[in-house]
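Provided herewith is a single structure, encoded as structure tokens, for subsequent inquiry.
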Amino acid sequence: MSAKCLRLKLRRPQCLALNHYSATHNPSPSYVLGKGLCEIATMSVQVLAAEMAEVELKDVPSKELTPESHLTTKADDKEIVESEPKAVATSASTPTMEPIVKTGDPSPGFLIPNTKMPQASAMKRTDPQQNGGEAFVNRDGTVAEAPRLKKIQFADQKQEFNKRPTKIGRRSLSRSISQSSTDSYGSAASYTDSSDDETSPRDKQQKNSKGNGDFCIKNIKQADFGRREIEIAEQEMPALMALRKRAQGEKPLAGAKVVGCTHITAQTAVLMETLSALGAQCRWAACNIYSTQNEVAAALAEGGFSVFAWKGESEDDFWWCIDRCVNLEGWQPNMILDDGGDLTHWIYKKYPNMFKKIKGIVEESVTGVHRLYQLSKAGKLCVPAMNVNDSVTKQKFDNLYCCRESILDGLKRTTDVMFGGKQVVVCGYGEVGKGCCAALKAMGSIVYVTEIDPICALQACMDGFRLVKLNEVIRQVDIVITCTGNKNVVVREYLDRMKNGCIVCNMGHSNTEIDVASLRTPELTWERVRSQVDHVIWPDGKRIVLLAEGRLLNLSCSTVPTFVLSITATTQALALIELYNAPEGRYKQDVYLLPKKMGKRPSSMSTHTDIHLHPSVLNPLSHTHTHTHTHSVILIRSGLSRGSQ
């Protein structure tokens, strides 16, 4: 090889050099070997290896070599033996790697440890005492052993990656591969899926820095990460922070013992810390097995809150956490903040005496409100309850705008689907359905709507959506979204008729809208694709894509806008204060709606438009009526009645 060709090879990328020589030279074994290694590097294989053959080198005068070539040559020796690099550098002590280019070889340079090669003569011998190991005879007559060839394996040689030691604990092969594509998505799974071992939190004994162990979470060591997320959330929750600042001096919740069951996120953490600043004691569990942010739960536990939740709970874990939250010797809750009604029904069924001593219930989901109305209709509701879900702020902001933004986020993170041109059916055109339809229509989807309420159905038509029955379009749609709050909306009959690859998800609170239980049969195969994404495969090969096992999509698979949740959380806090400080007899054993005047306060506090409102709405802790209870402040003289606004 000429020096000109050698310099060209050194100045261009190795892969380009291969293409250049392939056009002008006959491919040699070393060229084929070099090309293979280049392809391996391009594919980013985790473990690189190959048994390298010894290459004979052609003569090149050493004076023609440039310093940048990093060659190891001998003027009178035309052979060189190279040692292969290790596949993966695992520590800082690994020798640095430098490229080496072999004269007469059109293959790319390989990496060798930055160590000195023995000065060898042209004579090379094999030492039978060393099992075929090669050695060189130096000029002074001494024998030096050449660097040994090291073998490593390709991935197709079935190397088990999960047996490699790591610093972050044990992870199975399926977990490290299946979930790796979702570990980096958002805060909903931010520090959850990639930093903990497989030990159940129920089997761990954890304590915070103050020695308190009254909690059960995934990993208390994640508290610092969670604290940063809470601080970010505080910046986007002006209404709740304003309420905390104005009311913490009067402590309107002093003596309140609040037991809560909601999504444990950074936004909920700000609410819990606000309630604590207003004087309440709080114990909390999660209302959804997938929505808990483990780092936020750790930050709350470090701050002294009794939290019992972690992401990926089993059904048994879910009820165990609720029971641990409620059942503490010497601790009697007097207020309930619920999302879905699970906590309320657990106390009602298992601890009836405790339930009778509750002063008030605040419920924020349509599912939980329906369950409260059922208890009230049966005459079994023995405490007053506040329906936050149907308040003007919850309906107009949380249900509409929150879902309008989070539906796209949840679908993108889980399926990477293209929305343009997709046919989508949205079951239900309430506030959640309105938000989902508006977002999908804006992205270019063809949206159908199913609705049984005549007013909402007419609204869907006026908004430009085609009103259909589900059985009319179930064979042709690409995405099915439920958001009714009801049960058995999408039953097995519809699931059987769906097209191959149809995406099925739920935007309602409960996991009963999609008949997931009917899919757990022997003839159907479940295949986990990634976190919160499953393929359900029929015997004929047809498959549907089920997200979050039919649970709430946005909080299970993505995140929700913090600013909107600030309005809802403030409304919940105001409802708790109102029920806790209400004089006896104001609220009977029934379900009440939050009045519009009280609902306007979070909005005014969020937009800083207090000066345009009536004085009774201006101050969230207006002393319009007081009584003799210590620290008690009644927010508004409302005279609430069921169904009033």
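Positions are given from 1 along the sequence.
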Problem set entry | Glu234/Lys245 ion pair, N-O < 4.0 Å | no
Exercise. Under a 4.5 Å cut-off applied to non-hydrogen side-chain atoms, are Val258 and Gln281 in contact?
Worked result: no
For this session: Would you please test Ser566 and Gln267 for side-chain hydrogen bond (donor to acceptor under 3.5 Å, both in side chains) and show each step?
Result: CA-CA 7 Å; Ser566 172; Gln267 298 82 16; over 6 Å; no
Exercise. Atom CZ of Arg413 and atom SG of Cys557: how far apart are they, to the nearest 0.5 Å?
Worked result: 9.5 Å
For this session: May I ask you to say whether Glu273 pairs ionically with Arg227, meaning some side-chain N is under 4.0 Å from a carboxylate O?
Result: yes
Seminar exercise, completed: Output for pair (Ser391 OG, Gln572 CD), nearest 0.5 Å, gives 9.0 Å
For this session: Answer yes or no: is there a side-chain heavy-atom contact under 4.5 Å between Val591 and Met386?
Result: no
Exercise. Once you round to the nearest 0.5 Å, how far does CG of Asp339 lie from CG of Asn288?
Worked result: 9.0 Å
For this session: Assess whether atom CD of Glu523 is packed by more than 12 heavy atoms of other residues, nucleotides or ligands within 6.0 Å.
Result: yes
Problem set entry | Pairwise side-chain contact, Met354 with Pro333, heavy-atom cut-off 4.5 Å (strictly under) | yes
Seminar exercise, completed: Note: Lys218 and Lys204 closest approach over all heavy atoms is O-NZ, 2.9 Å
Exercise. Are any non-hydrogen side-chain atoms of Leu552 and Leu555 less than 4.5 angstrom apart?
Worked result: yes
Exercise. Taking Asn506 as the fixed residue, which of Thr484, Asn511, Thr512, Thr482 is the one that meets the side-chain hydrogen bond (donor to acceptor under 3.5 Å, both in side chains) rule?
Worked result: Thr482
Exercise. Is there a side-chain contact (heavy atoms from CB on, under 4.5 Å) between Tyr401 and Phe563 once you walk through the steps?
Worked result: CA-CA 10 Å; Tyr401 298 115; Phe563 184 83; over 6 Å; no
Exercise. If you measure from CE on Met335 to CG on Leu576, what distance do you get to the nearest 0.5 Å?
Worked result: 5.0 Å
Exercise. Hey, what's the ring geometry for His509 with His263, parallel, tilted or perpendicular (30° and 60° as the breaks)?
Worked result: perpendicular
Exercise. Under the 3.5 angstrom rule, does the side chain of Asp317 hit a backbone N or O of Ser314 as a donor-acceptor pair?
Worked result: yes
For this session: Look at the side chain of Lys350 and the backbone N and O of Asp323, then say whether any donor-acceptor pair between them is shorter than 3.5 Å.
Result: no
Problem set entry | Tyr580 side chain to Asn334 backbone, donor-acceptor under 3.5 Å | no
Exercise. So, Gln206 side chain and Ile220 main chain: donor-acceptor pair closer than 3.5 Å or not?
Worked result: yes
Exercise. Is there a donor-acceptor pair under 3.5 Å between the side chain of Lys434 and the backbone N or O of Leu400?
Worked result: no
Problem set entry | Salt bridge present between Arg530 and Asp416 (N-O < 4.0 angstrom) | yes
For this session: For atom CG of Leu328, decide whether the heavy atoms of other residues, nucleotides or ligands shown that lie under 6.0 angstrom number more than 12.
Result: yes
Exercise. Any Lys/Arg nitrogen of Glu527 or Arg543 sitting under 4.0 Å from an Asp/Glu carboxylate oxygen of the other?
Worked result: yes
Exercise. Is Lys412 paired with Glu405 through a side-chain N to carboxylate O contact shorter than 4.0 Å?
Worked result: no
Problem set entry | Step-by-step ring pair (Phe, Tyr, Trp, His ring centres under 6.0 Å) determination, Tyr587 to Tyr592 | CA-CA 8 Å; Tyr587 300 110; Tyr592 296 86; 5.2 Å; yes
Exercise. Quick check: are there more than 12 heavy atoms from other residues, nucleotides or ligands sitting under 6.0 Å from NZ of Lys487?
Worked result: no
Exercise. Any donor and acceptor pair, going by atom type alone, linking the side chain of Glu513 with main-chain N or O of Gly485 inside 3.5 Å?
Worked result: yes
Problem set entry | Leu524 side, atom CG; Leu495 side, atom CG - distance, nearest 0.5 Å | 9.5 Å
Problem set entry | Non-hydrogen side-chain atoms of Val270 and Thr268 separated by less than 4.5 Å | no
Problem set entry | Between Thr265 and Gln293: side-chain donor-acceptor atoms closer than 3.5 Å | no
Problem set entry | Donor-acceptor pair, side chain of Asp203 and main chain of Thr199, under 3.5 angstrom | no
Exercise. Is there a donor-acceptor pair closer than 3.5 Å between any side-chain N or O of Asp338 and the backbone N or O of Thr344?
Worked result: yes
For this session: Considering non-hydrogen atoms only, spot the tightest contact between Ala269 and Ile230 and give its length.
Result: CB-CD1, 3.6 Å
For this session: First locate atom CZ of Phe355, then atom CG of Leu381, and finally report the distance between them rounded to the nearest 0.5 Å.
Result: 5.5 Å
Problem set entry | Any donor-acceptor pair under 3.5 Å from Glu363 side chain to Gly340 backbone | yes
Problem set entry | N-O pairing of Arg202 and Glu313 below 4.0 Å | no
For this session: Go through Thr262 and Trp284 one step at a time and tell me if the side-chain hydrogen bond (donor to acceptor under 3.5 Å, both in side chains) criterion holds.
Result: CA-CA 8 Å; Thr262 64; Trp284 230 262; 2.9 Å; yes
Exercise. Is a salt bridge present between Lys542 and Asp496, judged by a nitrogen-to-oxygen distance below 4.0 Å?
Worked result: no
Exercise. Does the salt bridge (charged side-chain N to carboxylate O under 4.0 Å, His left out) test come out yes or no for Glu295 and Lys221, once each step is laid out?
Worked result: CA-CA 8 Å; Glu295 62 277 10; Lys221 296 180 181 179; over 6 Å; no
Exercise. Taking the six-membered ring of Trp526, is the NZ or CZ of Arg520 close enough (under 6.0 Å from the centre) and on axis enough (within 45°)?
Worked result: yes
Exercise. Looking at Phe225, does the NZ or CZ of Arg228 lie under 6.0 angstrom from its six-membered ring centre and within 45 degrees of the ring axis?
Worked result: yes
Exercise. Can you check whether Gln532 reaches Leu547 side chain to side chain, under 4.5 Å on heavy atoms?
Worked result: no
Exercise. Donor-acceptor pair, Ser518 side chain versus Asp515 backbone, under 3.5 Å?
Worked result: yes
Exercise. Which heavy-atom pair separates Leu240 from Ala573 by the least distance, and what is that distance?
Worked result: CD1-CB, 4.5 Å
For this session: Apply side-chain contact (heavy atoms from CB on, under 4.5 Å) to Ile217 and Phe308, showing your working.
Result: CA-CA 6 Å; Ile217 60 173; Phe308 303 89; over 6 Å; no
Problem set entry | Distance-only donor-acceptor check, side chains Asn219 and Trp310, under 3.5 Å | no
Exercise. Would you say the side chain of Val259 lies within less than 4.5 Å of the side chain of Leu343, judging by non-hydrogen atoms?
Worked result: yes
